[in-house]
Amino acid sequence: MCTGVRFTDTAGHMFWGRNFDWNVSYGEVPVVMPKGFMLPRAFGQAEPAKHAAVGNSAQFNGYPLFFNCGNDAGLCVGGLNFAGYAQFEEGPVEGKENLAAYEFPAWVGANFSTVDEVERALENVAIVAKPIDESLPVAMLHWMIADAQRSIVVEYQSDGMHVYHDDVDVLTNQPPFPWHLENLRNYLNCENRWAGTVAWDSCEMTPFGSGSCMRGIPGDAYATSRFVRAAYVNNFYPKKESETDNVARMLRTLGAVAMVEGSSCMEDGSYEVTLFSDCFSANTSTYYFNTYADPCVRAVHLRDYVGASPEALIVPPLERL
């Protein structure tokens, strides 16, 4: 499953982060893709990355299989599970720029500076159900793309590509994004205010404590419930000024929708947990993350790799905060 969140600080700087929820790890680690790194293409010639990017990634034969990444222009992209709804092209489409589904995050991170640029480019893109290797499945995903101005959601289904403006700056999993937005209307009564004294006839009642007006916000780990809860927390969380406070805001928000071992069983009897949570600061080009087993926050500073050799991906040493 998974949850993605975007917000800006008091100066308009963007922070984007996500929980990666699953029952197994894929050996993902923070990876830096240097500017100029030659990205092989499943359909077409390899191209040098116009931007450096950093994010949690698995690797296959030197290719960055980013779960999500942020680049040196402050643009972020993350892929979240969309099984049962995602449907990609069976083969390349004539007249389109064809991308294998696994290429999408690295393609965004390597080539674009803003959401506007990505949205324009997507008008001529087809996403193809081609795995990086025939021994591996095609991941059925949709994507959240964000910058300091806004975020969008990209979903590819049987009737083609859909691009949605994400006005709540949150994404979880299936069903499709418009359903989640419509579902939020069931929670219009929920807010963070103090209820105060309420009179029923001659009986006056006061709340036990804070939180009475948020009753009804779902607390389970289902994708539809996590969307509501993440949107609620992200909306009401006060804007912060410092980098430290905003990273804390992100990790606290993601913690409100984290999956705890034992609480959610998968079909095979294993437990889904939040394997890692992360946060990319667009202003400082810093990638922060922690894991289920180790909540200590670690950081990678993309600016440390300006001028790095483009010959290979970099698995950087991790700075413990």
Side-chain angles (χ1 to χ4, degrees), residues 2 4 16 18 20 22 24-73 75-83 86 88-93 96-113 118 121-122 125-145 154 156 275-276 278 280 285 287 289 300 302 304-318:
C2 301
W16 188 92
R18 63 94 57 84
F20 178 69
W22 201 235
V24 293
S25 170
Y26 296 97
E28 64 278 352
V29 293
V31 167
V32 172
M33 177 176 67
K35 183 177 181 179
F37 178 78
M38 293 299 293
L39 273 174
R41 293 286 297 272
F43 307 99
Q45 298 297 315
E47 297 177 340
K50 299 180 179 71
H51 298 280
V54 60
N56 235 319
S57 174
Q59 294 188 54
F60 188 89
N61 292 337
Y63 190 92
L65 296 171
F66 283 116
F67 294 83
N68 52 273
C69 63
N71 71 15
D72 55 19
L75 181 72
C76 287
V77 56
L80 288 76
N81 195 38
F82 195 47
F88 306 125
E89 304 291 344
E90 293 183 0
V93 178
K96 293 278 191 177
E97 180 172 5
N98 292 282
L99 297 173
Y102 70 83
E103 295 178 317
F104 193 81
W107 175 77
V108 171
N111 289 291
F112 303 101
S113 300
V118 179
L122 290 176
V125 165
I127 300 179
V128 183
K130 177 179 175 57
I132 194 168
D133 184 83
E134 294 305 320
S135 66
L136 300 173
V138 175
M140 296 291 105
L141 305 176
H142 57 178
W143 297 273
M144 184 177 181
I145 304 171
V154 178
Y156 212 97
L275 293 173
F276 69 81
D278 62 14
F280 181 76
S285 296
Y287 176 77
F289 84 106
V300 178
L302 188 57
D304 290 346
Y305 298 92
V306 173
S309 169
E311 296 302 314
L313 300 172
I314 301 166
V315 178
L318 302 177

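N56 and D278 share no donor-acceptor pair across their side chains, judged by distance under 3.5 Å alone. Under 3.5 Å, the side chains of Y156 and E89 contain a donor-acceptor pair of N or O atoms.
Under the 3.5 Å distance criterion, the side-chain polar atoms of N98 are matched with a main-chain donor or acceptor of K96. Remark: the backbone N or O of A42 is paired with a side-chain donor or acceptor of E103 at under 3.5 angstrom.
The two residues F112 and L75 make their nearest non-hydrogen contact at O-CD2, 3.5 Å. Taking each heavy atom of D72 and L302 in turn, the nearest pair found is N-CD2, 3.7 Å. Nearest heavy-atom pair, P105 versus C69, reported as atom, atom and distance to 0.1 Å: O-SG, 3.8 Å. Taking all atoms of both residues into account, the shortest heavy-atom contact from P34 to A308 is CB-O, 4.1 Å. Between A101 and F88, the closest heavy-atom pair is CB-CE1, 3.7 Å. Contact record, G55 with Y287: CA-CE1, 4.0 Å, taken as the closest heavy-atom pair.
Inter-residue side-chain proximity for F66 and V77 is flagged as unmet; no heavy-atom pair is nearer than 4.5 Å. Side-chain contact between F67 and C2: absent, with no pair of heavy atoms (C-beta onward) separated by less than 4.5 Å.
Once rounded to the nearest 0.5 Å, the distance linking OH of Y63 with CG of L39 reads 5.0 Å. One finds the CZ atom of F20 at 6.0 Å from the CZ atom of F276 (value rounded to the nearest 0.5 Å). With values rounded to the nearest 0.5 angstrom, K35 atom NZ is found 10.5 Å from K50 atom NZ. Within the model, atoms CG of L122 and CD1 of I145 stand 5.5 Å from one another, a figure rounded to the nearest 0.5 Å.
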*So F43 and E97, side chain to side chain contact (heavy atoms under 4.5 Å, CB included) or not? Walk me through it.*
CA-CA 8 Å; F43 307 99; E97 180 172 5; over 6 Å; no
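For an aromatic pair to be called close, the ring centres must be under 6.0 Å apart, and Y102 with F60 fails this.
Using cut-offs of 30° and 60° on the angle between ring planes, the pair F104 and W107 is tilted. A parallel orientation is assigned to the rings of H142 and F82, their planes being inclined by less than 30° (bins at 30° and 60°).
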